[in-house]
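One structure is given here, and the rest of the page talks about it.
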Amino acid sequence: MQPKYFSIMSVVQQIKKNTAKAIASLYHIELAEENILINATKPEFEGDYTIVLFAFVKQLKKNPEQLGNELGEYLIKENASLFTAYNVIKGFLNVTLSNSYWLNFLSTNYNNTNFGIKQNTNEKVMVEYSSPNTNKPLHLGHLRNNFLGWSIAEILKANGNEIVKTCVVNDRGIHICKSMVAWKLFGNNETPQTTHKKGDHLVGDYYVKFNDVYKKEVEEIIATGKTKEQAEKEAPIMLAAQQMLVDWETGKPDVIELWKQMNSWVYKGFDETYKKIGSNFDKIYYESKTYLLGKDLVKQGLEKNVFYKKEDNSVWIDLTKDGLDEKVVQRKDGTSVYITQDIGLAEQRQKEYNAKQSIYVVGDEQNYHFKVLKLICQKLDLPSADGIYHLSYGMVELPTGKMKSREGTVVDADDLITEMINIAKHKTEELGKVKDFAEDELAELYNTIGLGALKFFLLRVDPKKKMIFNPEESIDFHGFTGPFIQYTHARIKSILRKITDNKQQIENSTFSHLFPLEKKLIIELETFPAIITEAATEHDPSKLAIYTFTIAQTFNSFYSQHSISNAENEEKKQLRLQLAVLTAQVLKTGMNLLGINVPERM
RNA sequence: GGUCCGGUAGCUCAGUUGAAUAGAGCAACAGCCUUCUAAGCUGUGGGUCAUUGGUUUGAAUCCAAUCCGGAUCACCA
């Protein structure tokens with residue numbers, strides 16, 4: 001049996017194909033299928049799908065009504081197994097598809113656990129996400145990044161791509177030295193063990209400490225009559241951090257020792273958080289090892305005249321013809337800048353993995369940077385260039401404005417996760433439906449629901465848009481939320497468990513009556529494979545979040561109106577069982593693609 | 001200042017390859033659990049789609065201008 005993977009043509013494609021064929025045969029005009037607009041028919045009209053005629057009215061020199069009628073007649077005559085009725089209103093041709101078509105779709109797919117998942121194409125895609133700094137713990141913004149990265153990787157996998165998940169850890173630089181200096185000055189040899197604090201939080205505290213001290217020092221210097229600019233340059237703690245960076249680069253043993261020590265605390269803390277949110281990577285790059293990459297490419301670029309050297313020995317690229325600016329790629333002292341290492345890393349990854357596409361999940365504040373990066377790689381003729389895709393997402397802000405870790409005004413990832421799990425616990429206890437669960441089962445359930453709520457909350461909006469998180473109004477568990485969908489899944493599973501004689505097979509597929517809500521659910525379920533494709537091509541998990549919500553909503557309406565176990569007759573019962581099984585399957589797959597688990601009971 | 005992104009119901013957001021009377025959720029109000037999980041369902045109210053002009057049979061969607069908000073334009077990362 002072949003339908004392991006979904007490969008049947010979608011309804012919409014079939015309608016397009018038939019419409020094109022009809023027009024070719026009736027009017028001898030060839031229309032490209034992609035130019036035919038098919039919409040779901042609005043509920044106030046009769047029909048399943050609507051062919052919008054306006055687009056080719058002019059070309060065919062027909063009035064819409066007449067064209068609609070001729071097309072409708074033709075479709076029904078030539079393909080009676082698919083089309084059973086039509087009506088024309090203004091320029092809209094509404095067609096009704098045969099119930100046997102829908103029933104056939106349902107019975108061939110309901111028990112396919114791979115429904116919606118495409119055949120593997122072996123096309124490799126790299127997804128870089130998370131990419132934390134080792135000077136502070138993860139916060140809400142990192143969570144959006146992680147969830148997006150994970151989800152887009154899963155979605156691409158479902159579309160047949162081979163995925164390499166990667167993370168670039170920013171473990172060196174002046175900001176890392178800041179926490180190191182502060183710890184050295186004020187830390188009294190504190191460790192995660194002595195303070196019982198997660199290592200990333202401990203280090204983060206010293207990053208904040210650095211900035212507090214720095215601010216105070218600057219104020220003191222200004223009070224002596226110097227300008228702000230001077231003060232910022234002269235503050236002793238800043239000078240100490242800069243010296244430490246120099247010492248790090250020259251490999252001074254005690255600095256390296258401290259650096260390794262503090263980073264190891266951070267990694268341990270990160271691992272804990274990653275484990276909680278279910279994130280992992282196939283390959284981790286450390287900037288301390290890659291920051292020197294790209295120097296050879298600078299040399300090559302000079303030879304190719306892509307770059308040019310100024311009198312002071314700095315190396316530049318002129319992007320003014322591309323509407324951008326001049327950009328430095330190597331400092332006058334010969335050291336490389338941020339973008340240089342990115343170019344180098346892009347090349348190295350290409351050598352190591354040879355991926356067709358490389359997706360960078362990075363905030364929209366770096367839109368310009370990635371535009372430049374791609375352009376430079378293209379001008380250097382690097383094989384990785386065209387595959388560079390910046391999956392840009394908006395910042396998560398608080399009602400009070402931007403989060404700033406320097407000022408300690410961030411929503412901490414660990415705290416938020418703990419809070420969400422606690423809320424899940426309280427709500428679950430209030431409802432009292434799982435009193436027979438063992439303790440570890442309960443813990444797992446709270447985890448699933450709490451994280452489900454959080455992930456769904458962050459993934460349900462278009463990644464491009466910035467979002468506002470209000471800590472006062474905690475994340476909801478009703479309506480357009482993760483728990484609502486998880487609940488619907490658990491509800492279905494509960495029904496299925498109770499029906500013992502579930503042979504789940506309609507013997508009589510010519511059974512032709514469908515209630516509106518039965519049909520609506522089937523029609524919506526049928527679009528699942530297309531939604532997965534759309535989410536992948538648009539790099540947008542929110543498409544799936546919205547879709548799974550719609551399915552859950554429709555199922556619940558259906559459920560409240562039609563009984564499954566006490567259906568009017570055996571055929572209806574079997575039909576509804578199939579519907580329930582496929583709905584649960586789609587909800588599960590859809591949520592998994594968002595990185596969210598669905599419980600069997602809740 | 002240049003470039004880019006955004007402005008849709010009280011709030012959070014869909015809808016933006018042009019298409020029927022602009023949709024959800026939350027909040028508010030009114031109903032529904034002797035029947036498969038009420039974290040649910042049904043209904044009501046709520047809109048100058050920032051503004052103005054243009055293109056079109058048709059504009060929230062495309063074009064122009066304006067207003068508001070944000071990002072970015074570092075030999076920072």
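Keep in mind that this is a model prediction, so the values were computed, not measured.
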Separation of the C1' atoms in rA77(B) and rA64(B), to the nearest angstrom: 39 Å
Please report the distance, rounded to the nearest Å, between NE2 in His562(A) and P in rC36(B). 17 Å
Geometric class of the Tyr291(A)/Trp248(A) ring pair [parallel <30°, tilted 30-60°, perpendicular >60°]: tilted
To the nearest angstrom, the NZ-P distance between Lys233(A) and rC76(B) comes to 12 Å
Among the nucleotides rA20(B), rA77(B), rG40(B), whichever has the atom closest to the side chain of Arg491(A) is rG40(B)
Do Asp342(A) side-chain and rA77(B) base share a donor-acceptor contact under 3.5 Å? no
Classify the side chain of Ser494(A) and the base of rC36(B) as holding, or not holding, a donor-acceptor pair under 3.5 Å. no
With the sugar-phosphate defined as primed atoms, P, OP1 and OP2, and the base as all remaining atoms, what B/S/- string results for nucleotides 6-12 of chain B, 5' to 3', for protein heavy atoms under 4.0 Å? -S----S
Distance between the C1' atoms of rG15(B) and rG6(B), in whole angstroms? 16 Å
hbond_proxy Thr50(A) side chain to rA19(B) base (donor-acceptor, 3.5 Å cutoff): no
Students often mix this up, so state it plainly: with edges at 30° and 60°, are the rings of Tyr547(A) and Phe528(A) parallel, tilted or perpendicular? parallel
Looking only at heavy atoms, which two atoms of Leu31(A) and Ala20(A) are closest? And how far apart? O-CB, 4.0 Å
For a quick check under 3.5 Å, do Ser542(A) and Asp462(A) share a side-chain donor-acceptor pair by atom type? no
Protein-nucleotide distance (Glu249(A), atom CD; rC76(B), atom C1'), rounded to Å: 14 Å
Would you call rC33(B) syn or anti, using the 90° rule around 0? syn
How is Asp333(A) classified with respect to the nucleic acid when contacts are heavy atoms under 4.0 Å: base, sugar-phosphate, or nothing? nothing
Does NZ belonging to Lys215(A) count more than 12 external heavy atoms closer than 6.0 Å? no
Are rA71(B) and Tyr368(A) stacked, with the base six-membered ring and the side-chain ring centres under 5.5 Å apart and planes under 30°? no
